[in-house]
4 protein chains.
Amino acid sequence: MQPPKQDRILQAALTTFGQRGFHRATMEDIALSAGVGKGTLYLYFPSKQALLEEIFRTGLEAYTTGLQAIASGPGSAARRLEEMAAFALGFAAANREFAGLVQEGPVGMREEFKRWLWGLRGRILNAVREVAADGVGAGEFRPLDPGLLAHVFLGGIHSLAAAIVWDAARHDPAATARSLVDLILAGARPPGRHAVPGAGAS
Amino acid sequence: MQPPKQDRILQAALTTFGQRGFHRATMEDIALSAGVGKGTLYLYFPSKQALLEEIFRTGLEAYTTGLQAIASGPGSAARRLEEMAAFALGFAAANREFAGLVQEGPVGMREEFKRWLWGLRGRILNAVREVAADGVGAGEFRPLDPGLLAHVFLGGIHSLAAAIVWDAARHDPAATARSLVDLILAGARPPGRHAVPGAGAS
Amino acid sequence: MQPPKQDRILQAALTTFGQRGFHRATMEDIALSAGVGKGTLYLYFPSKQALLEEIFRTGLEAYTTGLQAIASGPGSAARRLEEMAAFALGFAAANREFAGLVQEGPVGMREEFKRWLWGLRGRILNAVREVAADGVGAGEFRPLDPGLLAHVFLGGIHSLAAAIVWDAARHDPAATARSLVDLILAGARPPGRHAVPGAGAS
Amino acid sequence: MQPPKQDRILQAALTTFGQRGFHRATMEDIALSAGVGKGTLYLYFPSKQALLEEIFRTGLEAYTTGLQAIASGPGSAARRLEEMAAFALGFAAANREFAGLVQEGPVGMREEFKRWLWGLRGRILNAVREVAADGVGAGEFRPLDPGLLAHVFLGGIHSLAAAIVWDAARHDPAATARSLVDLILAGARPPGRHAVPGAGAS
DNA sequence: GATGAATGAGCGTTCATTCAT
DNA sequence: TATGAATGAACGCTCATTCAT
């Protein structure tokens, strides 16, 4: 009962949405879990939708901001990628309920909010893209499509995050991040073997 | 009115679920879209849930089977990865509505069906993992964690697929697949530069 | 498949109504049980209601007619009452499904049909009433309200019939009829004891 | 709006079920009649079924308890029978709607509840049976089957009650009860006339 | 502010009935 | 005559939201 009521409600909503899914969760469930009356929810949030959106907004904003801060921070491109990966995986591990909810997808959201989500996704992709472009500019990376690297990097992270959420197994975000970045930087081919032009189309 | 009624209904359901989301779509919407009476839906599918699950089952089974066939087919590991990427991106491009629906996530599905989905996901990851292991065994790839490669590979593909679905822009699956695989195989570092132990902390 | 189709349908409807109750029985159930197509039912009966009413009509008409025949037949009043009781109990025992259905009551019947039923009930009460009046007129019975005797007589029979239907136990209609009539004719008091005016207030 | 809402709803349900029959009555009808919203019904009763069962339970429990109290009370057997008859007929007259509903039969009830009803019926029959057995034991009645007397007694009462419900005519429960019991006690035969052995089978 | 009783729009599902074959 | 695929009106029930206290 110590945290301000608004936070208690958000936490209760997060838990409830996570457990039962957005549509199966009722406002009564949430009120019960928050230890407040049903009507009280509406003093702090105008609707069930708004509750969900607020959770998404707050959580994803923190996630995005964290990634952007690292992206625009100091260090080599490789170093920053590794930090971003560690941050993202650590975020998922530290916020399983939230991560699970996000994986349920943009269920029943207003079109407008879906666009905001898509924009956010773009901001994250952009952050990675810029790091990649930095790397290319600095000669740290070979010339490559920064956008493609962003998809592979983030896609890999989110796939791993999904596994973390589902398996409930312990993972070491830092170690996983190191391996992931190593794979992406060094590639799968053995050192010394060069790509043969046109090899892919043989 | 030519395609058999069951297919008309599935198609209508796919479209309606895709446009409005599972929960907002009503059986009446679907019936209208299929050009049949509401009761007719129940002659072919026992419930709204079943309709959704049938769509997922059919589509994802085809997707998974396609990937598995390539994975266990002939060709070098690199070659197979490229074909799988091309197949996956082509599948998403050719089935935008379905791909979009899948991205909505397992909304409101029975726990049992969620487990089936998760198992399917495992089968797909496994297919990639095996190709990766083949590559490592044949010396085509350096020693690496096949599971990690699977996450990076599939994560990258699904991230690109999401972009394809949203942007409605034209993409060339084959070309994108080539670039993607090239990046993963060769890595982001310039050729000749080797990973320096501890380089990430420069 | 030998009995004419109309009878097969009626029999199937009787069984199905009896097993599931009128509202829970579906026309499909009945068609299945009769071994005909659903549409065929409507060639013989205009509606589900009509099917039920026809069953009631046929069965109750036979019941009523049987009772009336005995009532207006030969024999002493006591003798006729005994025959009527035996007939009624035998009818219930021989037509359990039908008797059970009747005990479910006039479920969902049109007001018009309910009136017909009520009229039928009146005809049966009248038949007994006339026998009672005969008995009084002939000095076989003491002066009494024939209508009251009709209620007691039929009420007793129907209460016993309900027990027969529910218990599925074997009963001997003739013996039960004899006991029933004996009780009603001789009364519960020991022979020789006369009703003492005001005795009830002792 | 004065009686507590639960009672208003029960009353409205009783009336509506009585007028339209259980299956034709809709929850909306009932809500309208009770002057509350449709959803409100579900705050007090979990389902339409439950509403019906509650009506039956409450009413029949009162009826049964009343009869049992008289049966196990003081007084001669004859006296108690008369009081029970008066109570039963008075109950029907005072609760016409309820009595009519009961006569509709156990429509659409769960098998479990039907068994409860049947058990209740057994309790009532038993109450009468015990009074009859008392009478026999005390020499007040001649040796007779108490169960048979119970069927005749209750059957007669319920037949009369049905007439009361349908006719909407004024009846005097006490007087009718007196006549009924007199008939059953003294029998239909003129005083002094004894049953001739074998007469029934002549 | 806080509550929870009350509301009623909305939806999945059933099934008697129709009608093209 | 016989069929059963197709229909859509009808209804029980849920739950987000409101508002009197």
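Side chains are part of it too, since the values below use all heavy atoms of this structure and drop only hydrogens, waters and symmetry mates.
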Side-chain N or O of C:K5 closer than 4.0 Å to phosphate OP1/OP2 of F:dA2: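 Answer is yes, contact under 4.0 Å.
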Side-chain N or O of C:T26 closer than 4.0 Å to phosphate OP1/OP2 of E:dC15: no
Touch class at under 4.0 angstrom, heavy-atom based, for D:L41 against every strand present: nothing
Stacked cation flag C:K48 on C:F22, 6.0 angstrom / 45 deg: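 So C:K48 does make the cation-pi contact.
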Options E:dA5, F:dT3, F:dA6, nucleotide nearest the side-chain atoms of C:V36: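 My answer, after comparing the listed nucleotides, is F:dT3.
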Going by heavy atoms in the side chains, are [X] and [Y] under 4.5 Å from each other?
{"X": "D:R57", "Y": "D:F113", "value": "yes"}
{"X": "B:L10", "Y": "B:F45", "value": "yes"}
{"X": "C:Y42", "Y": "C:M27", "value": "yes"}
{"X": "A:F17", "Y": "A:E104", "value": "no"}

Watson-Crick or G-U stems involving DNA chain F, each at least 3 pairs long, distances under 3.5 Å, ordered by first number: E:2-21 with F:2-21
Donor-acceptor contact present, side-chain D:T40 to main-chain D:V36, <3.5 Å: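 Such a contact is absent between D:T40 side chain and D:V36 backbone.
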In whole Å, I'd like the distance from the [atom1] atom of [X] to the [atom2] atom of [N].
{"X": "A:R24", "N": "E:dG12", "atom1": "CZ", "atom2": "C1'", "value": "15 Å"}
{"X": "A:L51", "N": "F:dC15", "atom1": "CG", "atom2": "P", "value": "16 Å"}
{"X": "D:F17", "N": "F:dC11", "atom1": "CZ", "atom2": "C1'", "value": "13 Å"}
{"X": "D:L43", "N": "E:dG4", "atom1": "CG", "atom2": "C1'", "value": "10 Å"}
{"X": "C:L32", "N": "F:dA5", "atom1": "CG", "atom2": "C1'", "value": "15 Å"}
{"X": "B:I30", "N": "E:dG10", "atom1": "CD1", "atom2": "P", "value": "18 Å"}
{"X": "A:D29", "N": "F:dA16", "atom1": "CG", "atom2": "C1'", "value": "12 Å"}

For B:Y63, all residues meeting ring pair (Phe, Tyr, Trp, His ring centres under 6.0 Å), sequence neighbours excluded: B:F91
Test side chain to side chain donor-acceptor pair (under 3.5 Å) applied to C:E97 and C:Q19, step by step: CA-CA 8 Å; C:E97 280 184 328; C:Q19 284 172 351; 5.1 Å; no
First of B:T40 and B:F22 reached from the 5' end of DNA chain E, by closest nucleotide: B:F22
Residue met sooner reading DNA chain E from 5', once B:A25 and D:Y44 are mapped to nucleotides: D:Y44
Side-chain ion pair, B:E53 and B:K114, N-O less than 4.0 Å: no
Listed pairs, N/O of protein and of nucleotides 17-21 of chain E, under 3.5 Å:
| unit_1 | atom_1 | unit_2 | atom_2 | d |
| --- | --- | --- | --- | --- |
| E:dT17 | OP2 | C:Y42 | OH | 3.0 |
| E:dT17 | OP2 | C:K48 | N | 3.0 |
| E:dT17 | O4 | C:K38 | NZ | 3.4 |

